[in-house]
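What follows is a single structure, written as C-alpha cells, with notes after it.
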Amino acid sequence: MRSQSQGRPSEARSRLLTTATRLFYTEGIHAVGIDRIVAEAQVTRATLYRHFPGKEDLVLAYLDEVDRAMRNQAEEAIAAGLPAADTIRALSASIAQGIQSPGFRGCAFLNAAAEYPAAESPVRKAVLAHRRWFLETATELLAEIRQADAEPAARHFVMMRDGAMAAGCLFDPALIRETFLRGVERLLQVHAATGGEPAGA
C-alpha cells in the first residue's frame, strides 16, 4: 500500500495532505469537498490537482499516511527486542493511548470502509491491505508465544481492538482503555497456557 515518493514533498502538498487528513478524520471523507480542502490549505485548485489528480488520490494518500504511522509504531515495538507477549502489550498500550487522545474519532480505516463499501473501490482495497498487514503482524507475534492456533487468537485480538476503537468515541475512553487492556492480558494468558482461543471467541 505504501507509496514511494522521490525527493522531499513540496510544502503545498504537505499542507494539502495535513488539511485533508484532519478534515477527513474529524468530519468524514464524503462530507468534505475539494473546495473546503483547497481553502483551508490556502492553495489553488490547480495546485491540488498537480499533486493529486482527483479526490480519491487524496483519500488514498491520507490512508497511506495513517498506515505508515501505524507500521512505524509496530516496527518500533518489535525492534525493542522484547518477548512477543510484551511487544503485543506495547502495541496495545499505544492503541489504548490513542483512544484517550483529544479528538479521537475511531479507526480511520473502519471509518473509510463504511464510506466505501464497493469491493472494487481502491479505497476499500487500501483498507483491506492495511488490515491484512495488522492481522499478519499479530499472528506472527502470537505464533512466537505458542504456534498452535495463532491466527484465531490474532483475529480475536483484532476484534477486541476494533471494538475498543468503536466504543472509545462513544463511551468513557478511560473505561474502554482499561477494558481493552484487561482483555488483551486475558488473551495472552489463555493463548500461552493452551494455544487456543478464549472461551466464547
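Pairing each heavy atom of Gly106 with each of Tyr25, the nearest pair is O-OH, 2.6 Å. Scanning all heavy atoms of the two residues, the minimum distance from Leu181 to Ala93 falls at CD2-N, 4.1 Å. Contact detail for Asp149 and Pro152: the closest heavy-atom pair is O-CD, 3.3 Å. Residue Arg124 comes nearest to Ala113 through the heavy atom pair NH1-O, 2.8 Å, listed as atom of the first residue, atom of the second, then distance. Across all non-hydrogen atoms, the minimal contact from Thr139 to Ala154 is OG1-CB, 3.2 Å. Considering all non-hydrogen atoms of both residues, Leu63 and Ala108 come closest at CD2-O, 4.2 Å.
Looking at heavy atoms from C-beta onward, Cys107 lies in side-chain contact with Arg161 at the 4.5 angstrom threshold. A heavy-atom distance below 4.5 Å is found between the side chains of Leu91 and Leu141. Counting only heavy atoms from C-beta outward, the side chains of Glu151 and Arg155 approach each other to under 4.5 Å. Contact of the Arg71 side chain with the Thr137 side chain is not registered, since no non-hydrogen atoms from C-beta on lie closer than 4.5 Å. A 4.5 Å side-chain heavy-atom check between Val158 and Phe134 finds at least one atom pair inside the cut-off. Side-chain contact check for Phe180 versus Met165: every heavy-atom pair is 4.5 Å or farther apart. The shortest distance between side-chain heavy atoms of Ser92 and Phe157 falls below 4.5 Å.
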Using the rule given for side-chain contact (heavy atoms from CB on, under 4.5 Å), can you reason through Arg68 versus Asp64, listing the C-alpha separation, both sets of side-chain angles and the distance that settles it, and then say yes or no?
CA-CA 6 Å; Arg68 190 189 310 269; Asp64 186 67; 2.7 Å; yes

Criterion side-chain contact (heavy atoms from CB on, under 4.5 Å) on Asn111 and Phe24, from CA distance to verdict:
CA-CA 10 Å; Asn111 294 347; Phe24 287 159; over 6 Å; no

For Leu60 and Phe52: C-alpha separation, side-chain torsions, deciding distance, then whether side-chain contact (heavy atoms from CB on, under 4.5 Å) applies.
CA-CA 10 Å; Leu60 290 171; Phe52 305 100; over 6 Å; no

What verdict does the side-chain contact (heavy atoms from CB on, under 4.5 Å) test give for Leu142 and Leu188, after you've listed the backbone C-alpha separation in whole Å, the side-chain angles of each residue and the deciding distance to 0.1 Å?
CA-CA 8 Å; Leu142 285 163; Leu188 289 172; 4.1 Å; yes

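Side-chain N or O atoms of His156 include none that pairs as donor or acceptor with a backbone N or O of Leu187 at under 3.5 Å. Checked by atom type and distance alone, the side chain of Ser121 never pairs as donor or acceptor with a backbone atom of Pro117 at under 3.5 Å. Put simply, the side chain of Glu144 never gets that close to the backbone of Pro83: no donor and acceptor are under 3.5 Å apart. Although no hydrogens or angles enter the test, the distance criterion places a donor-acceptor pair under 3.5 Å between the side chain of Asp57 and the main chain of Gly54.
Gln100 meets the side-chain hydrogen bond (donor to acceptor under 3.5 Å, both in side chains) test with Arg177; sequence neighbours excluded. Shown here are the salt bridge (charged side-chain N to carboxylate O under 4.0 Å, His left out) partners of Arg45, two or more places apart in sequence or in another chain: Asp35.
For the pair Glu27 and Arg105, the salt-bridge criterion is not met [side-chain N within less than 4.0 Å of a carboxylate O]. Between Glu185 and Arg89, at least one side-chain nitrogen of the basic residue sits less than 4.0 Å from a carboxylate oxygen of the acidic one, meeting the salt-bridge criterion. Salt bridge annotation for Glu40-Arg22: present, with a cationic side-chain nitrogen under 4.0 angstrom from a carboxylate oxygen. With respect to the salt-bridge test (charged N to carboxylate O, under 4.0 angstrom), the residues Arg132 and Glu136 do not qualify.
Thr47 and Thr44 share a donor-acceptor pair across their side chains, judged by distance under 3.5 Å alone.
Note that CG of Leu16 and NE2 of His51 are 6.5 Å apart. Values are rounded to the nearest 0.5 Å. With values rounded to the nearest 0.5 angstrom, Ile37 atom CD1 is found 9.0 Å from Thr21 atom OG1. How far CD1 of Ile145 is from CG of Asp86: 9.0 Å, rounded to the nearest 0.5 Å. The CG atom of Leu48 sits 11.5 Å away from the CZ atom of Arg15 when rounded to the nearest 0.5 Å. Residue Leu23 holds its CG atom at 10.5 Å from OH of Tyr62, rounded to the nearest 0.5 Å.
Taking the six-membered ring where tryptophan is involved, the planes of Phe109 and His130 are essentially parallel, since the angle between them stays under 30° and well short of 60°.
Taking hydrophobic clusters as Ile, Leu, Val, Met, Phe, Trp and Tyr residues chained together by side-chain heavy-atom distances below 4.5 Å, Leu17 shares a cluster with Tyr49.
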